[in-house]
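Please see the structure below; I have some questions.
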Amino acid sequence: FPRPAQTYKDFKANQDQRSGANATERVNATFVTLARNSDLWDMVKSIRTVEDRFNRDYNYDWVFLNDQEFDEEFKKLTTALVSGKTHYGLIPKEHWSYPDWIDQDKAAEARQEMDRKKIIYGGSESYRHMCRYESGFFFRHPLMMNYEYYWRVEPSIELFCDIRADPFRFMKENDKKYSFVISLYEYEATIPSLWDSVKKFMQNHPEHISEDNAMEFISDNGGETYNKCHFWSNFEIGSLEWLRSKQYIDYFESLDQDGGFFYERWGDAPVHSIAAATMLRKDQIQFFHDIAYYHVPFTHCPNDEKTRLDLRCSCKPKDNFDWRDYSCTNKWFKVNHLEKPNGWDKKD
Ligand code: GDP
Ligand code: MN
C-alpha cells in the first residue's frame, strides 16, 4: 500500500522538540570526513560549526579517512573539538589506485585533454581517486562497518541554523536512505558516457530498479537521457546499509568496469544521485529544508522567516540557491508535488 508522502515539513515539526534530552535515543551513526593533513584548519571550522549547531547535544562519533596516515597534530586537534569519539583510518591501497582493467596511458591522455579544456579538476589524478573512493568504498572501510548511518562533512562548510531534532533518527524512523540540501546540474564534460553506463546497468539488473523511483528528477524523457540533475554530495546524510547492499555494489562495480572515473571525471555526486533516484523509492530521499548549509560557492538558507528566527539562523535568505536557474531543487519539488516553503518567492 502507498506510504504517506514525507515532506520537508515532517522534519521541521520535529525541530520543535528539544535536542539533548533525546540524545539517549541515539542512532548507530557517525560523521565521516575524507581529508588530507593539509585540510586541518579548514576541517577545524567545519567541526566547530557542526558541534555548535548540533553535535554538542548528541555527541555522535566522527570517522576521518585519508589515503595517507593522519599526523599527530590533525588527530590531537580534531579529537579535542569533536564531542563524540574520533577514529582515524588509512585507506587501503587497493581502494585508491587503478584497477587492473584500466589503461593508464589512456587515463593520462584524458587528463591532459581535460586540463587543456580547463575542465574543473580535469587534470587531477588524486581528485579522480577521491571521487571513486566516495562512490564505492568509504562505506566499507573497516571503521565504518559498525555504523548504520553516516553524515558526510567536508572542510570549510558552514551550518547556519540550530539543528535540534536528530536527522539520523529522522532518517531511521522514516525509512529514509539518502538526503540532500542542495541540488544542481553537473558539467556535461565530466560525464559524457555516464548515462550510457547507467543504462547498461539498468538493462542488466532490472531487479535493482525501484518502483516509484525518482527517475523523473534525473531524466526529462523517461530515462533516455540524463538531465544532469544531482544532489550535491559534499553534504549527505544517508544509510550505510543501503550503500553496502548488493543493489548498490552491483551498480558501482558495473560503472567502475566502464572506466569513466578515470577516462572521464565522474563525480561521486552524480553517481550517488543516480543510484538514489533509480534504486530507491522517491519517498526514501529527503530534502532537509531546515539544515542551512554552505559549501563554496552555494548556500542553502531556509526561505521561511519563522524557521530562521526559531532556529537562530545566521544566513542571508537572498543567498539561498534553491530556486535559482542552476538549481534542480525546483524540479525535486515538482516531481514530489511538494509545497514550496513560505517566502520562497521573496526577492530581498
Ligand atoms: P570539491 O568540493 O569538489 O572542490 O573537492 P574537495 O577538494 O573539497 O574534495 C572533496 C573531499 O575529498 C574533501 O573532504 C577533501 O578533503 C577530500 N580530498 C580531496 N582530495 C583528496 C586527497 O587527495 N586525499 C584525501 N585524503 N582527501 C582528499
Ligand atoms: Mn569540497
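All heavy atoms count here, side chains included; hydrogens, waters and symmetry mates do not. Ligands are counted one by one from 1 in listed order, and the atoms in each one are counted from 1 as well.
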Those protein residues which place at least one heavy atom below 4.0 Å from ligand 1: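 Its neighbours under 4.0 Å (heavy atoms only) are L34, A35, R36, D39, N66, D67, W96, Y121, S126, Y127, M130, E154, P155, H295, given by chain and number.
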Starting from the C-alpha separation in whole Å, work towards a yes-or-no answer on ring-ring contact (aromatic ring centres under 6.0 Å, His included) for F261 and H129. CA-CA 8 Å; F261 289 108; H129 287 300; over 10 Å; no
Between the Mn ion (ligand 2) and E154, which N, O or S atom of the residue is the nearest one?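 So the atom name we want here is OE1.
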Please tell me whether C229 and C328 are bridged, where bridged means their SG atoms are separated by under 2.5 Å.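 Yes - the two cysteines, C328 and C229, have SG atoms within less than 2.5 Å of each other.
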Ring pair (Phe, Tyr, Trp, His ring centres under 6.0 Å) with F287: which of F231, F333, W332, F235?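 Only one of F231, F333, W332, F235 forms a ring pair (Phe, Tyr, Trp, His ring centres under 6.0 Å) with F287, namely F333.
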Can you tell me how far apart SG (C161) and OH (Y293) are? Round to the nearest 0.5 Å. 14.0 Å
Can the ring centroids of W151 and Y60 be said to lie less than 6.0 angstrom from one another?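 Not under 6.0 Å, so no.
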Got a donor-acceptor contact below 3.5 angstrom from the T299 side chain to the C301 backbone?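 No, the answer is negative, given that no donor and acceptor are paired below the 3.5 Å cut-off.
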